[in-house]
Amino acid sequence: MASSSHCFLIVSVALLLQVLVSPVSALTLTSTKYIDKLCQMPLVDSKPFCLQTLSAYPPAASATGLLPLASAVIRGIVLPQAKKSASFADEAAKKEPNLKTQFQTCKEAYESIGDSLMSALEELKRSPNVATYDVMTCTDHTSQVKNLVGKNRDVASKTLIEMTMQMEKLLPLALGSTQVVGG
């Protein structure tokens, strides 16, 4: 009697594990498929960076479709970098009186990037082509920042340029996001 209860317990645990693990595996395969598709978009210039970045971000890795993935990339990865850069430029403008105007303009450029990304999020579902345009305008602003402080030798300018280079690596992911939903 004891051995049949023991056998029943083992079989029950095995079946429970199979039921619990199967949906997770299916979800992982599905979200990986969406990430792979986004990272294959023509405007995504570094496939390895794309795969690594999106796979490491839980909302992207668990996305249940292309639209949720695109939203997660723009809202959760690219937009926070724009906000962080705008905040940094604002602080630098306060701390560097000789470069205040340059940093203030950089802050405004990053706020424009944030506005464009928010607009792209709003347009993703109804007009992906417009969303793509919104994201493409962001590169004008990163160029503006590089032109304003790129040749400066102070620590704040160098840091902002590093942040701008990171933004330039992330913007193709946002472009891939708009493309993958039809833009």
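- Test Val44, Asp36, Ile35 against Cys50 for side chain to side chain contact (heavy atoms under 4.5 Å, CB included) and you get one pass: Val44.
- Partner of Met118 under the side chain to side chain contact (heavy atoms under 4.5 Å, CB included) criterion, out of Ile74, Asp134, Leu79: Leu79 alone.
- Taking CG of Leu124 as the reference point, atom CZ of Arg75 lies at 9.0 Å (rounded to 0.5 Å).
- Here OG1 of Thr53 is found 7.0 Å from NZ of Lys169. Values are rounded to the nearest 0.5 Å.
- Taking the side chain as every heavy atom from C-beta outward, Leu171 and Cys138 approach each other to under 4.5 Å.
- With hydrogens and angles disregarded, a donor-acceptor distance shorter than 3.5 Å links the side chain of Thr142 to the backbone of Thr139.
- Between Lys37 and Leu66 there is a side-chain heavy-atom pair separated by less than 4.5 Å.
- Environment of OH in Tyr133: sparse, with no more than 12 heavy atoms of neighbouring residues, nucleotides or ligands closer than 6.0 Å.
- Residues Ser55 and Leu51 come closest through the heavy atom pair OG-O, 2.7 Å.
- Interatomic distance, Ile113 CD1 to Leu170 CG, rounded to the nearest 0.5 Å: 11.0 Å.
- Put simply, the side chain of Ser157 reaches to within 4.5 Å of the side chain of Phe103, judged on heavy atoms.
- Atoms CG and OG1, from Leu43 and Thr178 in turn, are 7.0 Å apart once rounded to the nearest 0.5 Å.
- Leu99 is not listed as a side-chain neighbour of Val149, based on a closest heavy-atom distance of 4.5 Å or more.
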Can you list, pair by pair, the side-chain donor-acceptor contacts under 3.5 Å of residues 80-95, counting residues two or more places apart and other chains?
unit_1 : atom_1 : unit_2 : atom_2 : d
Gln81  : NE2    : Met163 : O      : 3.4
Ser85  : OG     : Gln81  : O      : 2.9

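- Although no hydrogens or angles enter the test, the distance criterion places a donor-acceptor pair under 3.5 Å between the side chain of Thr132 and the main chain of Pro128.
- Listed by first and then second residue, the salt bridge (Lys or Arg N to Asp or Glu O under 4.0 Å) pairs involving residues 141-150 are Lys146-Glu168 (not counting sequence neighbours).
- Summarising the geometry of Phe49 relative to Gln166, their closest heavy-atom pair is CZ-NE2, 4.0 Å, with the distance given to 0.1 Å.
- Hydrophobic clustering places Met165 together with Val135 (ILVMFWY residues linked when any side-chain heavy atoms are closer than 4.5 Å, directly or through intermediates).
- Note that OH of Tyr110 and OG of Ser116 are 13.0 Å apart. Values are rounded to the nearest 0.5 Å.
- When atom types are taken as modelled, the side chain of Ser119 and the backbone of Asp115 share no donor-acceptor pair closer than 3.5 angstrom.
- Nearest heavy-atom pair across Met41 and Gly176 is CG-O, 3.6 Å.
- In the hydrophobic clustering of ILVMFWY residues, with side-chain heavy atoms under 4.5 Å counting as a link, Val130 and Leu117 come out apart.
- When Thr105, Leu160, Thr164 are each tested for a side chain to side chain contact (heavy atoms under 4.5 Å, CB included) with Leu148, only one passes: Thr105.
- Atom NZ of Lys47 sits in a crowded spot, with more than 12 heavy atoms from other residues, nucleotides or ligands closer than 6.0 Å.
- With respect to the salt-bridge test (charged N to carboxylate O, under 4.0 angstrom), the residues Lys107 and Glu111 qualify.
- Checked by atom type, the side-chain pair Glu123/Asn129 shows no donor-acceptor distance below 3.5 Å.
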Review point. Under the side chain to side chain contact (heavy atoms under 4.5 Å, CB included) criterion, do Ile77 and Leu54 qualify, and how do the steps go?
Key: CA-CA 9 Å; Ile77 298 174; Leu54 301 189; 3.6 Å; yes
Check your understanding: What do the steps show when you test Leu38 against Leu69 for side chain to side chain contact (heavy atoms under 4.5 Å, CB included), and what is the final call?
Key -> CA-CA 9 Å; Leu38 188 152; Leu69 174 60; 3.8 Å; yes
